Amino acid sequence: MGQDSFTPQKRSSTGGGLPTTNNAAAGGGRSRVLAGMPRGRQIHKTFNNIKITILCGFVTILVLRGTIGVGNLGSSEADAVNQNLIEETSRILAEIRSDSDPTDPDEPPETEINPNTTYTLGLKISDWDQQRKVWLSENPEFPNFVNGKARILLVTGSPPNPCDNAIGDHYLLKAIKNKIDYCRLHGVEIVYNMAHLDKELAGYWAKLPLIRRLMLSHPEVEWIWWMDSDAFFTDMVFEIPLSKYDKYNLVVHGYPDLMFEQKSWIALNTGSFLFRNCQWSLDLLDAWAPMGPKGSIREEAGKVLTANLKGRPAFEADDQSALIYLLLSQKEMWMEKVFLENQYYLHGYWAGLVDRYEEMMEKYHPGLGDERWPFVTHFVGCKPCGSYGDYPVERCLRSMQRAFNFADNQVLKLYGFRHRGLLGPNIKRIRNETVTPLEIVDELDIRRSTHEKTETRS
Amino acid sequence: DAHSKRVESRRLLEEAQNDAAQGDNNDNKNYAEFDIAKILIDEEEGEKEKPDPNKPYSLGPKISDWDQQISEWLKTNPDFPNFIGPNKPRVLLVTGSSPKPCENPVGDHYLLKSIKNKIDYCRKLLLSHPEIEFLWWMDSDAMFTDMAYELPWERYKDFNMVMHGWNEMVYNDKNWIGLNTGSFLLRNCQWSLDLLDAWAPMGPKGKVREEAGKILTRELKDRPVFEADDQSAIVYLLVKERAKWGEKVYLENAYYLHGYWGILVDRYEEMIENYHPGLGDHRWPLVTHFVGCKPCGKFGDYSVERCLRQMDRAFNFGDNQILQMYGFTHKSLASRRVKRVRNETGNPLEVKDEFGLLHPSFKAVKVSASS
């Protein structure tokens with residue numbers, strides 16, 4: 001509440017308490033947390049605190065000058081105040097982004113886990129199907145099927161720190177809004193995670209302990225759907241044809257020939273996949289995790305993967321390559337229950353899709369989910385939360401904005417609006433207001449059309 | 001066949017992508033050097049609707065039979081009831097923020113400030129969602145800090161609008177902060193449409209909003225000079241037309257439907273020590289609302305450092321209640337790192353999380369005889 005120009009009612013005391021700068025363990029590709037000597041850290045921290053207190057006082061003085069200050073300050077001086085304030089904020093932000101956690105004297109310095117012991121995700125559970133079955137029968141008010149549909153939990157997340165640049169956070173916001181919209185329309189619950197549950201498995205591997213934890217805590221959930229933060233829904237109508245997967249436990253976008261003939265490192269994509277909540281999935285997660293622990297295990301595993309998978313560059317083990325390798329080397333154990341889906345874009349690689357949105361809008365319609373109207377557009381390689389991507393920034397951001405608007409148009413339609421173009425933020429009216437709005441609702445509400453489809457199926 | 005064609009084209013695509021990357025005029029891959037303003041422009045200029053300055057502002061064509069329309073729709077759509085439990089109305093939480101990146105580099109991470117057309121949104125959403133019984137507007141700078149608290153829906157059965165506030169401060173003192181519109185409930189019914197119609201006129205940007213601001217400053221206690229805002233406008237409306245609206249407006253202060261951050265954030269540790277989630281009030285506030293911080297704009301009313309630091313603490317305070325469901329908690333209210341607080345077990349289903357948030361009764365599905 002409140003406007004930009006009004007004099008504030010209350011002012012908090014300036015220079016207040018000392019801030020604590022903090023940082024979580026790093027995600028893949030970004031700066032690593034340094035394990036330093038405790039005393040050195042103390043000194044460093046004190047110095048930081050002093051710096052921040054001074055900065056803080058400086059900022060406050062500037063703000064006071066800018067607001068309480070006399071109205072006859074020339075605009076150039078106001079600009080200078082602006083500029084200073086922005087710089088100060090940036091500096092504070094850099095502090096927040098940069099460094100270490102406040103001291104925890106009880107915490108031992110971080111050591112790598114012993115490569116001779118096998119890493120485990122958690123205590124081995126062998127009777128999960130049974131445990132779950134019993135729980136469901138004892139808790140009928142938390143069924144795994146609701147209104148004839150299996151209960152799905154969409155899981156996504158991002159690192160706990162601000163992105164390296166503000167634009168990264170802006171697109172995280174747009175991406176989560178996009179997911180909130182799809183899930184609201186389709187009765188899917190979302191978990192957005194910003195915590196590293198297991199510091200060994202940070203980065204892209206963080207999804208493994210998270211998925212396991214959620215499965216065990218939510219027996220009422222039938223399918224866990226992991227989705228990367230850089231993946232956008234672009235078909236707001238399409239629903240996953242779950243009945244197709246009655247005999248499967250893992251659904252992932254991929255191509256059998258790339259997988260079994262080429263052994264390509266991009267034979268499947270772990271940016272958007274579904275795991276059934278069952279013993280088999282727990283077992284797969286356990287088999288998948290060993291290449292993940294950071295440090296020498298992950299480095300060495302990376303070499304194995306590069307040696308065995310076609311086209312894979314040299315870098316530490318990633319969850320996607322590891323899964324491909326696992327499914328290839330233990331094919332008989334797992335593949336029977338794995339569905340490599342490519343009839344629709346459970347994951348849709350962005351580069352081939354984003355330039356065709358106008359063509360799609362002209363020729364097709366939402367609900368198809370495939371190359372005519374992709375279900376998911378996934379911005380692999382763009383990495384807007386980091387400092388550098390694999391592709392030109394302008395191309396990535398432009399494309400992400402287009403995907404966002406393309407999807408948003410489908411949500412706004414019910415309310416009678418659409419974006420003016422696929423790039424800009426502004427919207428325009430496409431339907432006049434009416435005194436009988438419910439006729440439109442009957443026609444256009446996505447929730448109702450998908451509900452009808454379920455009814456006829458069951 | 002189509003399948004291998006698709007695979008082939010994908011492969012070609014990736015190679016082409018690499019070529020294209022080289023050929024781009026601008027192949028800068030560094031996000032720090034990029035100005036997003038280059039991209040966020042509208043191609044279709046012109047044809048911007050300019051409202052007729054002579055026509056009085058209106059939210060849309062007048063509807064007078066909304067209660068009947070809803071009632072009939074609900075009858076023909078039994079699968080979308082407006083109550084999903086005996087005392088549980090269907091509620092739609094509405095919030096929003098600017099479509100453009102924040103003016104300030106840190107704003108996008110912490111929060112994004114909403115635009116001020118919540119009144120427009122409310123009306124549009126009420127009309128598009130007859131299955132919704134209550135709309136719950138929440139400012140983007142408000143955070144949930146009590147994850148266990150469930151609103152006392154039965155308390156509001158005879159009311160159509162619920163805001164945090166005090167009767168005396170509004171009706172006796174005419175104080176502009178006698179209530180807060182950062183978090184409020186609006187029932188989906190004719191009364192609400194009429195209220196929105198009466199509330200909106202001070203809103204239109206420009207001369208109308210400026211002039212209205214002067215009236216509000218004059219009429220309301222302690223209000224500074226600035227353009228009309230939705231909060232002052234509704235205080236003014238309630239005071240002026242109390243007989244018309246007052247009876248259906250509940251000014252709630254038994255819990256923090258909106259909780260001003262300034263008096264709450266320093267007490268989180270004390271709350272953790274002495275109380276527990278589920279109270280919703282001063283002991284454990286449902287909502288902590290960062291009025292005045294404006295992290296998305298350039299200038300807030302409070303020091304940047306205090307705002308950001310406290311927003312982090314409030315976020316963690318709330319997040320801890322979610323994390324404890326899974327056996328974790330933040331290492332401190334300032335820390336982004338988490339630690340385990342509950343050991344793993346081979347029987348995860350026997351573990352109950354402390355506040356019963358994993359499978360709370362308010363999430364229970366009605367068990368129908370025929371399923």
Side-chain angles (χ1 to χ4, degrees), chain A residues 1-8 12 14 16 19-20 22 24 56 59-60 89-90 92-93 101 122-123 125 131 135 140-142 146 160 162 165-167 169-170 195 213 216-217 219 255 351-352 387-389 391-394 397-398 401 414-415 420-421 423-426 433 435 437-438 441, chain B residues 7 13 17 21 24 26-32 34 36 39-44 60-61 63 69 73 79 99-101 104-106 108-109 124 127-128 130 182 224 226-227 229 231 291-292 297 301-306 309 323 326 334-338 344 346 348-349 358-359 364-365 367:
Chain A
M1 251 315 290
Q3 311 294 323
D4 287 338
S5 51
F6 89 91
T7 325
S12 64
T14 60
T20 40
N22 46 71
C56 195
V59 170
T60 314
T89 312
S90 304
I92 293 173
L93 182 60
D101 221 22
L123 278 184
I125 295 177
Q131 286 195 40
W135 190 94
E141 69 279 17
F142 288 94
V146 181
N165 299 285
I167 199 61
D169 286 300
H170 183 68
R213 182 67 264 165
L216 298 178
S217 297
Y255 300 93
S387 293
Y388 292 90
Y391 304 98
V393 164
E394 178 161 355
L397 295 183
R398 197 179 276 275
Q401 185 58 37
L414 174 62
Y415 307 120
R420 285 185 179 275
L423 275 184
N426 295 318
E433 294 280 336
V435 295
L438 295 177
V441 165
Chain B
V7 168
L13 207 51
Q17 185 56 33
D24 259 349
N26 182 6
D27 50 2
N28 162 46
K29 294 183 182 168
N30 184 340
Y31 281 98
F34 190 78
I36 189 68
I39 288 185
L40 296 178
I41 43 174
D42 281 309
E43 299 114 354
E44 291 181 33
I63 296 178
Q69 287 197 41
W73 189 93
D79 290 327
K100 297 199 192 143
N104 168 330
V106 79
D108 278 285
H109 173 71
K124 191 79 237 185
L127 295 180
S128 304
F226 67 109
E227 54 174 19
D229 63 295
Q231 180 171 300
V291 266
D301 311 322
Y302 303 96
S303 84
V304 168
E305 193 260 326
R306 176 152 166 81
R309 181 167 178 243
L323 289 172
Y326 306 115
S335 173
R336 293 188 182 109
R337 298 173 89 172
V338 302
E344 285 253 27
L349 296 177
L358 278 174
H359 303 101
V365 165
V367 188

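Values in this document were obtained by computation on a predicted structure and should not be read as measured data. The analysis underlying the following values was restricted to heavy atoms, covering all of them including side chains, and did not include hydrogens, waters or symmetry mates. Numbered from 1 within each chain, the chains take letters A, B, ... in sequence-line order.
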B:Ile36 CD1 to A:Arg398 CZ distance, which is reported to the nearest 0.5 Å: 9.0 Å
CD1 on B:Ile39 to CD1 on A:Ile167, rounded to 0.5 Å: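 So the CD1 of A:Ile167 and the CD1 of B:Ile39 are separated by 7.5 Å.
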Taking all non-hydrogen atoms of both residues, which atom of [X] and which atom of [Y] are closest, and how far apart?
X	Y	answer
B:Leu349	A:Pro219	CD2-CG, 3.4 Å
B:Gln69	A:Pro437	OE1-CD, 3.7 Å
A:Pro425	B:Lys100	CG-CE, 3.7 Å
A:Leu423	B:Ile41	CB-O, 3.6 Å

Chain A contacts, top residue of B:Gly60, B:Pro61, B:Pro130 (heavy-atom pairs, under 4.5 Å): B:Pro61
Side chain, backbone, both or neither of A:Leu216 within contact of chain B (heavy atoms, under 4.5 Å):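 Both backbone and side chain of A:Leu216 come within 4.5 Å of chain B.
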Per-residue contact mode, A:Val435 against chain B (heavy atom under 4.5 angstrom):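 Its backbone and side chain both get close to chain B.
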Derivation and outcome, side chain to side chain contact (heavy atoms under 4.5 Å, CB included), residues B:Tyr31 and A:Ser387: CA-CA 5 Å; B:Tyr31 281 98; A:Ser387 293; 5.9 Å; no
State, yes or no, whether a side-chain contact exists between [X] and [Y] at a heavy-atom distance under 4.5 Å.
X	Y	answer
A:Gln401	B:Leu40	yes
A:Phe142	B:Val365	no
B:Pro348	A:Arg213	yes
A:Pro392	B:Asn28	no

Donor-acceptor pair between B:Asn30 and A:Tyr388 side chains, under 3.5 angstrom: yes
Residues forming a ring pair (Phe, Tyr, Trp, His ring centres under 6.0 Å) with B:Tyr326, sequence neighbours excluded: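 Applying ring pair (Phe, Tyr, Trp, His ring centres under 6.0 Å) to B:Tyr326 gives A:His218.
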For B:Trp73, all residues meeting ring pair (Phe, Tyr, Trp, His ring centres under 6.0 Å), sequence neighbours excluded: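 In terms of ring pair (Phe, Tyr, Trp, His ring centres under 6.0 Å), with neighbours along the sequence ignored, B:Trp73 is linked to no residue.
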Selection from A:Val146, A:Leu414, A:Leu397 maximising heavy-atom pairs under 4.5 Å formed with chain B: A:Leu397
Note: B:Lys29-A:Glu394 ion pair, threshold 4.0 Å (strictly below):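 Judged by the 4.0 Å cut-off on N to carboxylate O distance, B:Lys29 and A:Glu394 do not form a salt bridge.
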